[in-house]
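Numbers here are sequence positions counted from 1.
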Amino acid sequence: MATLVLFLSLSIFLFNGPIAEAWRPWPSTALNTTGISGLSPAELGASKKFEGSSEFVKLLYHMGPVLTSNITVHPIWYGQWPPEQKRILRTFLRSISDSSVRPPSVASWWKTVRLYTDQTGSNISANVILGEEKNDRGFSHGTSLTRLSIQSVIKDAITASTKPLPINTRGGLYLVLTSPEVAVENFCGQVCGFHYFTYPSIVGYTLPYAWVGNSHGRCPEVCAYPFAVPSYIPSAKAEMPPNGDIGVDGMVSVVAHELAEMASNPLVNAWYAGGDPSFPTEIADLCEGIYGTGGGGAYTGQLLVDGQSGAAYNLNGVGGRKFLVQWIWNPYLNYCSGPNALDR
């Protein structure tokens with residue numbers, strides 16, 4: 001477990017190993033006013049705010065697989081999910097591969113993720129498909145989940161007697177989305193989302209998966225920043241969410257963060273910075289809280305504003321939807337990059 005100075009991010013351990021990189025996209029009370037020159041690998045893994053100091057970021061490939069085949073995302077809706085909230089998240093997922101949307105688009109954001117390759121030189125797939133879905137409206141594992149019980153939720157989804165999710169060990173990503181009623185271990189206090197892979201002893205297969213929670217009514221100032229802001233930043237003004245839902249609009253960026261890292265580091269042995277694999281700093285961790293040019297600290301960077309609603313966004317999606325999604329570390333430019341950058 002590592003606590004950083006500017007942003008907090010944890011490596012959680014189960015069975016003496018890291019479960020995932022988990023994060024929350026808001027600045028802590030203590031702003032980092034020092035440089036990072038001379039950081040040890042452990043310190044690099046603990047601190048994840050290096051977008052302005054590219055010469056010190058040693059993002060390395062550790063020879064593990066990345067997702068070069070067609071990627072299929074299988075949402076598991078745990079809890080009570082109104083149809084409109086599902087539509088927002090589904091539309092974001094469908095937008096990842098739709099190159100017909102005018103820029104800056106979700107698809108052009110994914111192009112940065114696609115720059116990462118495996119040891120054969122094959123790039124991460126451009127094809128991200130919304131796959132079959134599963135609903136768990138009855139809270140089959142209760143309204144308080146541990147990290148291991150989330151794996152049990154996935155097991156139930158792929159072994160259900162009716163309409164089980166397909167088992168895809170090559171390009172399948174399993175996305176557990178919990179409604180606001182559901183408490184998850186360390187949710188809000190330490191994490192907003194995480195990714196890892198399932199244990200065969202629990203699920204029967206090794207499958208990359210992620211969990212993201214809806215923080216509405218629970219901790220939007222933690223996990224839906226900048227649509228809600230912490231009280232200790234008195235000068236900060238909350239941005240209007242582009243789809244009118246603070247909790248779900250906040251989830252979109254966390255989902256994007258986790259998908260980018262699952263694609264580039266599905267088994268936690270591919271792309272990350274830091275010398276200790278127990279504390280991997282991944283391609284989205286390096287850009288936490290940065291959504292536009294000039295972003296860093298408590299500043300999101302330059303955002304776009306919808307002329308009708310006044311909502312903040314940086315990406316266009318299918319069907320006229322708009323989203324605010326954090327940037328990704330560009331391995332060729334050696335800094336955080338996004339399609340809404342002013343210096344492109």
**Student:** For Thr198 and Tyr205, indicate whether the former's side chain and the latter's backbone hold a donor-acceptor pair under 3.5 Å.
**Tutor:**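 A pair under 3.5 Å: yes.
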**Student:** So does Arg147 get a backbone contact from the side chain of Glu185, meaning a donor-acceptor N/O pair under 3.5 Å?
**Tutor:**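 Yes.
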**Student:** Going by atom types only, do Arg87 and Asn243 share a side-chain donor-acceptor pair under 3.5 Å?
**Tutor:**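 No.
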**Student:** Minimum heavy-atom separation for Ser122 to Val66, with atom names?
**Tutor:**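 So the minimum-distance heavy-atom pair works out to O-CG2, 4.4 Å.
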**Student:** Looking at CG of Leu93 and CD1 of Ile129, how far apart are the two atoms once the value is rounded to the nearest 0.5 Å?
**Tutor:**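 Atom-to-atom, Leu93:CG and Ile129:CD1 are 12.0 Å apart.
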**Student:** Which word best sums up how the rings of Trp211 and Phe194 line up, parallel for under 30°, tilted for 30 to 60°, or perpendicular for over 60°?
**Tutor:**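 Tilted.
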**Student:** Please find the pair of heavy atoms, one from Ala260 and one from Trp109, that lie closest to each other, and give the distance.
**Tutor:**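 Smallest heavy-atom distance, with atoms named: CB-CH2, 4.4 Å.
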**Student:** Please determine whether the number of non-hydrogen atoms from other residues, nucleotides or ligands lying under 6.0 Å from atom NZ of Lys111 exceeds 12.
**Tutor:**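 No - once you tally the heavy atoms of other residues, nucleotides and ligands closer than 6.0 Å, there are 12 at most.
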**Student:** Do Met63 and Leu115 sit in the same hydrophobic cluster, where Ile, Leu, Val, Met, Phe, Trp and Tyr count as joined when their side-chain heavy atoms come under 4.5 Å apart?
**Tutor:**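 No, no single cluster joins them.
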**Student:** Report yes if the side chains of Asn330 and Cys336 come closer than 4.5 Å at any heavy-atom pair, otherwise no.
**Tutor:**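 Side-chain contact under 4.5 Å: no.
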**Student:** Let me check something: do Val305 and Leu303 share a hydrophobic cluster, defined by ILVMFWY side-chain heavy atoms less than 4.5 Å apart, either directly or through other members?
**Tutor:**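 In one cluster with Val305: Leu303, no.
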**Student:** Any side-chain heavy atom of Phe92 sitting closer than 4.5 Å to one from Arg321?
**Tutor:**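 The answer is no, as the side chains (C-beta and beyond) never meet within the 4.5 Å cut-off.
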**Student:** Do Val106 and Val101 make a side-chain contact, defined as non-hydrogen atoms from C-beta onward lying under 4.5 Å apart?
**Tutor:**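 No, their side chains stay 4.5 Å or more apart.
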**Student:** I need the minimum non-hydrogen distance between Tyr174 and Pro166, along with the two atoms involved.
**Tutor:**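 Nearest heavy atoms, Tyr174 then Pro166: OH-O, 2.6 Å.
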**Student:** Between Phe139 and Phe187, is there a shared hydrophobic cluster once you connect ILVMFWY residues whose side-chain heavy atoms come closer than 4.5 Å?
**Tutor:**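 The answer is yes; both residues are in one hydrophobic cluster.
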**Student:** Answer whether the closest heavy-atom distance between the side chains of Pro230 and Tyr225 falls below 4.5 Å.
**Tutor:**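 Yes, side chains in contact.
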**Student:** Should Val184 and Val191 count as side-chain neighbours, where that means a heavy-atom distance under 4.5 Å?
**Tutor:**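 Result no, sub-4.5 Å side-chain heavy-atom pair not found.
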**Student:** Using only atom types and a distance under 3.5 Å, with no angle test, would you say the side chain of Lys134 pairs donor to acceptor with the backbone of Ile154?
**Tutor:**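 No: the side chain of Lys134 does not pair with the backbone of Ile154.
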**Student:** Working note: Leu177 + Asn214, criterion side-chain contact (heavy atoms from CB on, under 4.5 Å); need CA distance, chi angles, decisive distance, verdict.
**Tutor:** CA-CA 8 Å; Leu177 303 165; Asn214 187 333; over 6 Å; no
**Student:** In the structure I gave you, are the side-chain heavy atoms of Pro65 and Leu267 within less than 4.5 Å of one another anywhere?
**Tutor:**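 Yes, close enough: below the 4.5 Å cut-off.
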**Student:** Considering non-hydrogen atoms only, spot the tightest contact between Ser95 and Phe323 and give its length.
**Tutor:**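 Minimum heavy-atom contact is OG-CE1, 4.2 Å.
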**Student:** Is there a side-chain contact between Gln326 and His257, using heavy atoms and a 4.5 Å cut-off?
**Tutor:**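 Yes, their side chains come closer than 4.5 Å.
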**Student:** For the side chain of Asn314 and the backbone of Tyr291, is there at least one donor-acceptor N/O pair under 3.5 Å apart?
**Tutor:**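 A pair under 3.5 Å: yes.
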**Student:** Same hydrophobic cluster for Leu304 and Val325, using side-chain heavy-atom links shorter than 4.5 Å among ILVMFWY?
**Tutor:**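 Different hydrophobic clusters.
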**Student:** Under 3.5 Å, side chain of Gln151 to main-chain N/O of Tyr199, donor-acceptor pair present?
**Tutor:**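 Looks like yes, one N/O pair under 3.5 Å.
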**Student:** Taking Asn265 for its side chain and Asn269 for its backbone only, find out whether a donor-acceptor pair lies under 3.5 Å.
**Tutor:**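 Looks like yes, one N/O pair under 3.5 Å.
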**Student:** Look up atom CD1 in Ile202 and atom CD1 in Ile150, then write down how far apart they are to the nearest 0.5 Å.
**Tutor:**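 If we round to the nearest 0.5 Å, Ile202:CD1 and Ile150:CD1 are 11.0 Å apart.
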**Student:** If every non-hydrogen atom of Val268 is compared with every non-hydrogen atom of Phe197, which pair is closest and at what distance?
**Tutor:**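 Closest approach of Val268 to Phe197: CG2-CE2, 4.1 Å.
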**Student:** Taking atom OG of Ser108 and atom CZ of Arg114, what is their separation to the nearest 0.5 Å?
**Tutor:**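 Ser108 OG to Arg114 CZ: 13.0 Å, rounded to 0.5 Å.
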**Student:** Decide side-chain contact (heavy atoms from CB on, under 4.5 Å) for Trp327 and Asn340; before the verdict, give the C-alpha distance in whole Å, the side-chain angles of both, and the deciding distance to 0.1 Å.
**Tutor:** CA-CA 9 Å; Trp327 283 5; Asn340 60 308; 2.8 Å; yes
**Student:** Could you measure the distance from the CD atom of Glu239 to the OH atom of Tyr313? Nearest 0.5 Å is fine.
**Tutor:**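 Reported to 0.5 Å precision, the distance equals 13.0 Å.
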**Student:** I need the Trp110 CH2 to Leu259 CG distance, nearest 0.5 Å.
**Tutor:**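 Answer for the CH2-CG pair, Trp110 versus Leu259, is 6.0 Å.
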**Student:** Same cluster or not: Leu130 versus Val255, using hydrophobic residues (I, L, V, M, F, W, Y) connected whenever any side-chain heavy atoms lie under 4.5 Å apart?
**Tutor:**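 Yes; tracing contacts between hydrophobic side chains, which count when under 4.5 Å, links both residues.
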**Student:** Please check if the side chain of Thr300 supplies one atom and the backbone of Gly295 the other of a donor-acceptor pair under 3.5 Å.
**Tutor:**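 No; zero donor-acceptor contacts below 3.5 Å.
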**Student:** Are side-chain N/O atoms of Trp329 and Asp285 paired as donor and acceptor at under 3.5 Å?
**Tutor:**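 Note: Trp329 and Asp285 side chains miss the donor-acceptor criterion.
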**Student:** How far apart are the C-alpha atoms of Ser179 and Trp77, what are their side-chain angles, what is the distance that settles it, and do they pass the side-chain contact (heavy atoms from CB on, under 4.5 Å) test?
**Tutor:** CA-CA 8 Å; Ser179 60; Trp77 306 95; over 6 Å; no
**Student:** With no hydrogens and no angle check, is any side-chain donor or acceptor of Asp136 less than 3.5 Å from a backbone partner on Ser140?
**Tutor:**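 Side chain of Asp136 to backbone of Ser140: a pair is present.
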**Student:** When you check the gap from the basic side-chain N to the acidic O, do Glu133 and Arg90 get nearer than 4.0 Å?
**Tutor:**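 Between Arg90 and Glu133 there is a salt bridge, with a charged N closer than 4.0 Å to a carboxylate O.
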**Student:** Under a plain distance cut-off of 3.5 Å, with no hydrogens placed, do His74 and Asn168 share a side-chain donor-acceptor pair?
**Tutor:**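 Side-chain D/A pair, Asn168 to His74: absent.
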**Student:** Test side-chain contact (heavy atoms from CB on, under 4.5 Å) on Thr169 and Thr206 and set out the steps.
**Tutor:** CA-CA 7 Å; Thr169 59; Thr206 299; over 6 Å; no
**Student:** Do Leu173 and Leu67 have side-chain heavy atoms sitting under 4.5 Å apart?
**Tutor:**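 Leu173 reaches Leu67 side chain to side chain.
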**Student:** Roughly how far, to the nearest 0.5 Å, is CG of Leu324 from CE of Met240?
**Tutor:**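 Here the rounded value is 13.0 Å.
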**Student:** Would the distance check show the side chain of Asp156 and the main-chain N or O of Thr159 forming a donor-acceptor pair, the cut-off being under 3.5 Å?
**Tutor:**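 Between the backbone of Thr159 and the side chain of Asp156 there is no qualifying donor-acceptor contact (under 3.5 Å).
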**Student:** Is the Cys192 SG less than 2.5 Å from the Cys223 SG?
**Tutor:**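 Taking the criterion (SG atoms under 2.5 Å apart), Cys223 and Cys192 satisfy it, so yes.
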**Student:** Taking 4.0 angstrom as the limit, do Glu181 and Arg137 come out as a salt bridge?
**Tutor:**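 Salt bridge flag = no for Arg137 with Glu181.
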**Student:** Please name the pair of heavy atoms, one in Gly64 and one in Ala270, separated by the smallest distance, quoted to 0.1 Å.
**Tutor:**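 What the structure gives for the nearest pair is O-CB, 3.8 Å.
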**Student:** Do any N or O atoms from the side chain of Glu282 and from the backbone of Ser264 form a donor-acceptor pair under 3.5 angstrom?
**Tutor:**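 Side chain of Glu282 to backbone of Ser264, a donor-acceptor pair under 3.5 Å: no, none is there.
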